[in-house]
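Take a look at the structure below.
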Amino acid sequence: MKRRAILAAALCLVFALSLAACNGGSAPGGTPAGGGDAGGGDAAWTNGGVVPDREYILVGWAAPMSGPQSIFMMPTQWVVDMMLDHINNNLGGIEINGRRIPLRVVFADNESNPTTAMAAAERLVTNDRVDILLGTWTPVGTNTASAVAERHQIPTFVFGAPEESWLDGGPYEWAVGMNFNYYNLVRDLVNIWTRVDTNGRVGLVLDTTVDGTVGRDTVTGILDELGGFEVVDPGAFDAATPDFTGIISRLRDEDVQIIYADMNTPNASRFWSQLAEFDFIPRVVTINRGLHYAADVGRLEPNAVGLTYSALWDRNYPFSSSLLGESAYGIAARWEDDHGEHYPYSLGYDVALFDILYDVLTRAGTLERNAVMEAFLTTNIDTVFGNVTVNENRNMRVPALGTQWIEGDRWPLQKSIVSADTFPFVDTNLPIVIPQTTQ
Amino acid sequence: MELFVQSLVSGILLGGLYAAIGVGLSLVFGIMGLTNIAHGSLLILSSFFIMIFVQAFGGSIILAFAITIVLMIAVGVLLQGFLINRVISKGAEPALLVTFGVAIIIWNILEFFFGANFFRLSNPLTGINVVSTRWMIIPATALFNLGISTVVILALHFVIQKTLFGRAIRAAAGNVNAAELMGINTSRTYIYAMCLALATSSVGGLLVGQTFGFFSFSGMGYLIIAFGVVVIGGMGSILGTFLGGIILGVAQLLGGYFFGPGVQTLVGYLTLLVLLTLRPQGLLGNMTRK
Amino acid sequence: MTHKHVLSSAYKLIGIKSGVIVAAIIALALLPLYGSAHAINVGILVFSYLALGQMWNLLAGYSGLVSLGHQAFIGIGAYTLAVVTVSYGGGFFMSFLISIVIAVLFSLVISFPIFKLSGVYFTIGTWIVSESVLMFFRNWRFVNFDAGMNITRAFRIPQENLYLGALALGIVSVALVYFILRSKMGLSLMAMRDNPAAAEVRGVHLYKTKLICFLIASTFITITGVLLYMNIAFVMPGPAFGIDWAVSMVFIVVIGGIGTIEGPIIGAAIYVFLRQFLFNFPGMSLIILGSIAVIVILVAPKGIMGAIHGKFGFELFSVRRKMED
Amino acid sequence: MNENMLMTIENLNVSYGDFQALYDVSMQFPKGAIVSIIGANGAGKSTLLNAVLGINKPHSGKVTFQGQDITGKRTSTIVSKGVSLSPEGSSVFEDMTVYENLVVGAFLPSARKKKKERMEYVYKLFPALKEKASQRATFLSGGQRQMLAIARALMSDPKLLICDEISLGLAPVVVGDIYNSILEVNEKMGLTIVLVEQEVKRSLDYSDISYVLVKGSVVMGGPSDELDEAAVKDAYFGINQFA
């Protein structure tokens, strides 16, 4: 009996001590891109703690590096390496407390899941003791990081979700966003519809996700305001829907000539081929969220030329990165040369991120939290999204313009901005191509 | 009224595809009583293999499909021989975790190579409608799915019921010791059963790849459909799986017709539960592993 | 129920080991004082997953109920918290109370269909129930469909309080299983697991015993769900009812050692520390986790505690009834 | 090891965990003979058979069949050498028809060639099975199941047929038929047979050699006609010094 009691004691105490051992941040906190160890000092950091004394600025990025949303991260590593090289080597780092020290980024994979996203953000703040926290892509990334921001009072910058969904958890004291506004997004899509002569009957094919839900209320509101449109709504469908027979039959019977759909890529592909099967292709087919990536859209059957949706960035924006001084078009072309495929729209967000980070840290001149937050809130900078400032909701509103897939010169399909009313800086309302409609 | 008929017909056609997804699992589930969580990921793995070989061998999908079947049989030998056979006698829970582990490993390796992009297998029959009236539209692709699925299931049923190989598998399922006493090496029989299951799942992989398209992680979505179909049909009953597929397909689409598109999938699952509680061993279930 | 013989041996047993265990609990309870923010954060996860694993162990390890559907209860706990705090502005204590009521009712309702099934059918049946609940929540306007809800009230909870709550849950879960197994019901549980037919013959009300365990485990998992989401603070139907909760429960119990009380303790610690360590391999973490699960099963099918028990016969919480030697 | 000895068991020890079931069991099985193993419930009869057939691994000791060491090999490998067992409780394949049970019995490549011929022989031996050929085994009576189990064992064209308590729970008249069929098989085809029984008198009458097992060890063994029935019964019930 004695021997067992001792073994039991050992088991329990080892267990307790190993938990306490986390105190020293023993596990190396992530592999920060651009080298450098994140062990850092040991000051208690929970709330209002002192900045750990280390020779570099550490930015923690909780992002979907695996799972369905990891597609947003396609250009990220390329942009991070380019920008860190530019900031740390060409510009010799950022001046903090009078000395120019390098900027480093440490990633934590949120696996496209809120449970892991919270653990990732918490780890970056408490274990890696980052100076600034980033949380990206859909509310899974933005809202969990913003919650950690409030909990640990750490300056946090989030982007890649509808402004309305992010603010559902707000208002935030310690989180600043760079998100598109869903009202503007839908406003531009409706603008496309007004420029095509149709019978004004709009069929809604919206799933039950955040975009579908927010989209339904927004579009019905706008269409009522405008008048001259009639909404046909067969009801929200579940993302796991195997078949659109019922919905398409309803739309066909109601002689709908405009479809406003919001669904993920597999459903978009299934919906588009079933429309063809029912040979019911209206004059305007808008499928939001599922048509972002040229490689995926290229695999739609039949050909996806003419489909419209809202693109969240486009290399044809007449702007350039303040940090690199290079135009949006140039950066996108360079990415395409390096990767041999159509550029992803998230490239714009990643470049804008570093423009903003560099500007904020330079203006703050210190890593003290309140100063950094103040710098974030007074941001006014030109980047690949044009001029970016912070609105009363602490969000830097970026455009989401009506776009159409058309025959491409360099790639089979190419994006063309057909409606930019909600964003004055882009005046190119290119002609709208009608898909091979059956009406 | 037209939509009702259309939903019913589309439901049956969709049911054919569901049966093809479930049939491989029915074999493994019925023979070894293995709750194979990796079934969905393995199915999607076969879709990826077909896609790779289509690109590699200049677009002939039949050749790519043939090579995929051979490759999936090799995967079956490795998976069953070196992994599952060692764990299957240790009880249900370890086998459950091993197949969970395999499922996670497969979809993450796929994601490592193919990222989170969406893929689709081309289907020469797209756009052709066999029937295209006001009343009803039957796309050739859907009919193809039902046809192929019926052929595969009847063939598998024949192999299992009528051939010595099939009887040996059923013997191993009925009573392991008695089968060994017949000179049947049950471990090797499990490997054959898994290979047969993965070969038939490749059919599911082809049809899913053409109809819905796939990501590296869409396996789990199809796993729940496979389990539902197998459980309705009755564990280990191949014809039961076909019936289960049809019932699930029709239940979903009629559910959508009566209660709106949002609850299509929900009605499917509720139908599964009701049928399960009415007949716990499934409609045609007889071969329960001793 | 208080059989004299059982209690007397229990007291003697407790006498020897309790000092050790209580010391460990005190050390853990004081962690917020000397531990770092990271340690507290990891502690919340370890003890929450311990509670989940211990309850799944009660079901699969001791009652022969292998469930793949108990993520439904985590989701129910999460949404109770979200609805009570966001829609009705209620407090956390209110959320816990209501979640218990809902959990008991829901587990009672689904026990009718589910208990008709046995073996692999039961396992699949529970998963289908959980998927149905997921589909229901994803198509329910009141909870904002699939868009999810932000539990803003949970943003500013001090981590120390969450840690102590989780610690309490973990300890109670271990104690609960320990005393259930030491009770008369524990005897019938073991009889039921080892030979259901024989147990039935000897008057063990199979249905009642299974139902009680099912209710206890389901309710406890729901409460743990509430606490987990006080930490996660953003609930979406997909992840809240996701199969990865079931994966983690199976991993913790099977790797730790199924059918042992110490198993889930070790399993939960390993699971959480491993997930934390794997943050250093972004994008690769799940492959490594899956491979470790497979390797450990091949090496030690009975799990770590199973192996230790096999070799050294060491049991921290032994539930054997020993003769008075 | 002379060649007319079909199978020998030497000092076989078998234990389940820390409970030993067999102690140094040794037996000989000459070719063409009928050997009976007599023992009460729990004497270790089935444990012995399971060890010989490789269903559980023996602790120590050796089993040789036709000169080859088959100790602890996989059951299907041992069966392929020519040993066949009609197990206790005649575990037939319930979900298969009688015909299918017999077909599976002839699974081994060597047996497959002679399937037709053996099928006729077996149907002649057990006519009742012929009528029930297309019925599922689960609908058979106790006697018919026992017949099917033996018939199925014969289908694999064995050199040694072991019958484990075939009389258990059967009417005496039915048992008589079955035993006569077994005698016929022994004479006609020269098949070596092992009868594992609890019933002393019948075992001694039908067999050439008998062994008596008590609590896992062989207490008596030798030609059946030399063994005194009373002594066997005493040993069997463990009355005198053997207990």
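Proximity to chain B is limited to the side chain of C/I124, based on heavy atoms less than 4.5 angstrom apart. Neither the backbone nor the side chain of C/I288 comes within contact range of chain B; no heavy atoms are under 4.5 Å apart. Proximity to chain B is limited to the side chain of C/I243, based on heavy atoms less than 4.5 angstrom apart. Both the backbone and the side chain of B/L276 come within contact range of chain C, with heavy atoms under 4.5 Å apart. Interface remark: B/V87 contributes side-chain atoms only to the contact with chain C (heavy atom separation under 4.5 Å). C/V250 touches chain B through backbone and side chain together, each having a heavy atom under 4.5 Å away. B/I37 touches chain C through its side chain: at least one heavy atom from C-beta onward sits under 4.5 Å away, while N, CA, C and O do not.
Residues C/F122 and C/S67 are in side-chain contact: their nearest non-hydrogen atoms beyond the backbone lie under 4.5 Å apart. The shortest distance between side-chain heavy atoms of C/I261 and C/Y62 falls below 4.5 Å.
B/F215 and B/F118 have tilted rings, their planes meeting at an angle from 30° to 60° on a 0 to 90° scale. The aromatic rings of C/W140 and C/F142 lie tilted to each other, with the angle between the two planes from 30° to 60°.
C/F214 pairs by the ring-ring contact (aromatic ring centres under 6.0 Å, His included) definition with C/H70, C/F115, not counting sequence neighbours.
Other residues, nucleotides and ligands contribute only 12 or fewer heavy atoms inside 6.0 Å of the CZ atom of B/F82.
Among the candidates C/L134, C/V253, C/V254, C/T123, the residue making the largest number of heavy-atom pairs closer than 4.5 Å to chain B is C/V254. For chain B, the option among C/I295, C/L289, C/V129 with the highest count of heavy-atom pairs below 4.5 Å is C/V129. Contact count versus chain C (heavy atoms, under 4.5 Å) is highest, among B/T99, B/I109, B/T35, B/V231, for B/V231. If you tally non-hydrogen atom pairs under 4.5 Å between each of C/K302, C/K116, C/E131 and chain B, the highest count goes to C/E131.
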Candidate pair C/F73 and C/F106, rule ring-ring contact (aromatic ring centres under 6.0 Å, His included), full reasoning: CA-CA 9 Å; C/F73 291 97; C/F106 184 69; 5.7 Å; yes
Intermediate values then yes/no, side chain to side chain contact (heavy atoms under 4.5 Å, CB included), B/I21 and B/V229: CA-CA 9 Å; B/I21 292 172; B/V229 160; over 6 Å; no
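Residues B/T241 and B/S26 have side chains that bring a donor and an acceptor to within less than 3.5 angstrom of each other.
Within the model, atoms CG of B/L223 and CD1 of B/I44 stand 11.0 Å from one another, a figure rounded to the nearest 0.5 Å.
Using a 4.5 Å cut-off between non-hydrogen atoms, the part of residues 259-271 of chain B that approaches chain C consists of B/G262, B/T265, B/L266, B/Y269, B/L270.
For B/F29 and B/F227, the ring centers sit closer than 6.0 Å to each other.
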